[in-house]
Number of protein chains: 2
Amino acid sequence: MTQTSDTTSYKDIKRTVLRRIRSGEWQPESLLPNEQELAVEFSCTRTTVNRALRELADEGFLERRRKAGTRVLSAPQRQARFTIPLVRDEIEAMGGTYRYALVSTETQPAPDWLGARLALRPDQSVMHVRCMHFSGNTPFQFEDRWIVIDSVPQVVQADFSGTGPNDWLVQTVPFTNVELTFLASRADAALAGFLDVSEGEPVFTAERITWLEGQPVTFAKMYFAAGYRMTTEF
Amino acid sequence: MTQTSDTTSYKDIKRTVLRRIRSGEWQPESLLPNEQELAVEFSCTRTTVNRALRELADEGFLERRRKAGTRVLSAPQRQARFTIPLVRDEIEAMGGTYRYALVSTETQPAPDWLGARLALRPDQSVMHVRCMHFSGNTPFQFEDRWIVIDSVPQVVQADFSGTGPNDWLVQTVPFTNVELTFLASRADAALAGFLDVSEGEPVFTAERITWLEGQPVTFAKMYFAAGYRMTTEF
DNA sequence: AATTCCATTTTGTATAGACTTTAAATTTTT
DNA sequence: AAAAATTTAAAGTCTATACAAAATGGAATT
């Protein structure tokens, strides 16, 4: 048999299954018919049903277990997917002109809090880089970053006067794991100066820790200018 | 042929491809061999290669276009996936005891800013619900929510004195689209009182707009207590 | 009554092959 | 030279089938 216009596609099945869940025909926690039965219902192969259900499970609507079958999740665990763009791309996408400025670089032993956060040995040292990202002449983001020298030895020769450490790292070091945190922090005097806001103002902040195969590579705090909103649709 | 222990699995292919990208063997922007060629290399069918590459594209490492082929993305668009839990689950997962308190409910014409945000007609009215979520006796989240009555007529008979509007909505109305925004806001006097912080303190805030097939259902602002961190790993 | 073992069910993944759709590249026409 | 039509290469999807792996539930054993 072949794929003609009247063939049931895995997308049709996804749609139908979603509709049945939404309409209440398939209640939360209830078990779906198995793949073979659905294949008969939709007149297609089990392969096609499998793909549809697999994707719906991946999207957080269903839970699947071998032998136990497929069931509807009671609270659909829908996941918001944030694509974190490079600052430059983000600014240019808004029609701004990206401008970068290095504030300071310093090589030093890792401070205690950082050592604890990244599970560093007491003797490991880090490069501390602070820099600003502007949209035109408006401050957009202040970046406070630490790079683990043992994990990225080349960093000692890197020149961050013209390129941001993030751009450099993305080009230079691959990573395997990331921890990303969003929080609201309070602008201290220094930060207020950088971002051109009053001291004490709320600042949307992202923290990012990056590892390569278990090795900590870098820790970054990114402070966004007033009014920043991190948005996604799903 | 059949799936024996020496069979190449799509997971092996994913690993190998990722390794080649990380090692620089396959440079950013460069074109991968086509599926047929890779199938020969890995001694498997094109189907298997297809699944591996499809998933890697979905995860943001590759870009695929028919006829044009598959290429390595220069800045891997890795996506952070946040699963937004129900407040109750979040509190209980931390070992706290969930407690809920209704602050106010009111039915009113939609304020202008809300009408604009949700594309409401001028005559549409909304139910405004304000409530608190506690972990034990500690304030955890203040929720400020508007529900579009035309989209959820049953809401006028709902009783939010014991159950939060979010729990009720999740049980009652399906949704198809969500816009989620994170930002940092400043505690005004009222909010400071609810969350037990000083006026002016930064407050991590999430805004969520929910639609059902294009119809706006609800707009919610969720203000989190001091120190809240929204974290994910990927 | 508890534990271990085993059969069975259901999803997971692979093969081989074919047709479909998209869009880049080429050729033809204007 | 530009625009339109055609070719074609690559990914996209489906069928049909087979074996694999996990986990459940019951049977056998302790």
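These numbers were taken from a predicted model, which means no experiment stands behind them.
Rounded to whole Å, atom P of C/dT10 lies 14 Å from atom CG of A/Leu53. Between A/Glu55 atom CD and C/dG12 atom P there is a gap of 13 Å when expressed in whole angstrom units. Residue B/Asp12 contributes atom CG, which lies 16 Å from atom P of D/dA20 at whole-angstrom precision. As a whole-Å value, the separation of B/Tyr10 OH from D/dA20 P is 18 Å. In this structure, B/Arg71 atom CZ and D/dA10 atom C1' are separated by 13 Å, rounded to whole Å.
Remark: B/Arg20 pairs with B/Glu41 by the side-chain hydrogen bond (donor to acceptor under 3.5 Å, both in side chains) rule, at least two apart or across chains. With sequence neighbours left out, A/Lys14 forms a salt bridge (Lys or Arg N to Asp or Glu O under 4.0 Å) with A/Glu55, A/Glu59. Every residue meeting the side-chain hydrogen bond (donor to acceptor under 3.5 Å, both in side chains) condition with A/Tyr228, not counting sequence neighbours, appears here in chain and number order: A/Glu90. When the side-chain hydrogen bond (donor to acceptor under 3.5 Å, both in side chains) test is applied to A/Asp167, the partners found at least two apart in sequence or on another chain are A/Arg88. Residues forming a salt bridge (Lys or Arg N to Asp or Glu O under 4.0 Å) with A/Arg64 (at least two apart in sequence, or on another chain): A/Glu35. Listed by chain and number, the residues in a side-chain hydrogen bond (donor to acceptor under 3.5 Å, both in side chains) with A/Tyr223 amount to none (sequence neighbours excluded). Under the rule for a salt bridge (Lys or Arg N to Asp or Glu O under 4.0 Å), the partners of A/Glu63 that lie at least two apart in sequence or sit in another chain are A/Arg65.
Contact check, B/Lys11 against C/dG12: no side-chain N or O comes under 4.0 Å of OP1 or OP2.
Looking at heavy atoms from C-beta onward, A/Phe160 lies in side-chain contact with A/Ile147 at the 4.5 angstrom threshold.
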Without placing hydrogens or testing angles, list every side-chain donor-acceptor pair under 3.5 Å for residues 213-220 of chain A, not counting sequence neighbours.
| residue | atom | partner | partner atom | Å |
| --- | --- | --- | --- | --- |
| A/Gln215 | OE1 | A/Ser151 | OG | 3.3 |
| A/Thr218 | OG1 | A/Arg145 | NH1 | 3.1 |
| A/Thr218 | OG1 | A/Trp146 | O | 2.8 |

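Pairs passing the salt bridge (charged side-chain N to carboxylate O under 4.0 Å, His left out) check and including a residue from residues 175-184 of chain B, sequence neighbours excluded, do not occur.
Residues from residues 43-50 of chain B lying near DNA chain D, meaning a heavy-atom separation below 4.0 Å, are B/Arg46, B/Asn50 in numerical order. Taking every heavy atom of residues 27-42 of chain B and every atom of DNA chain C, no pair lies under 4.0 Å. A heavy-atom distance below 4.0 Å to DNA chain D is reached by these residues of residues 56-69 of chain B, ordered by number: B/Arg64, B/Arg65, B/Arg66, B/Lys67, B/Gly69.
Not a single donor-acceptor pair under 3.5 Å links the side chain of A/Thr232 to the backbone N or O of B/Leu180.
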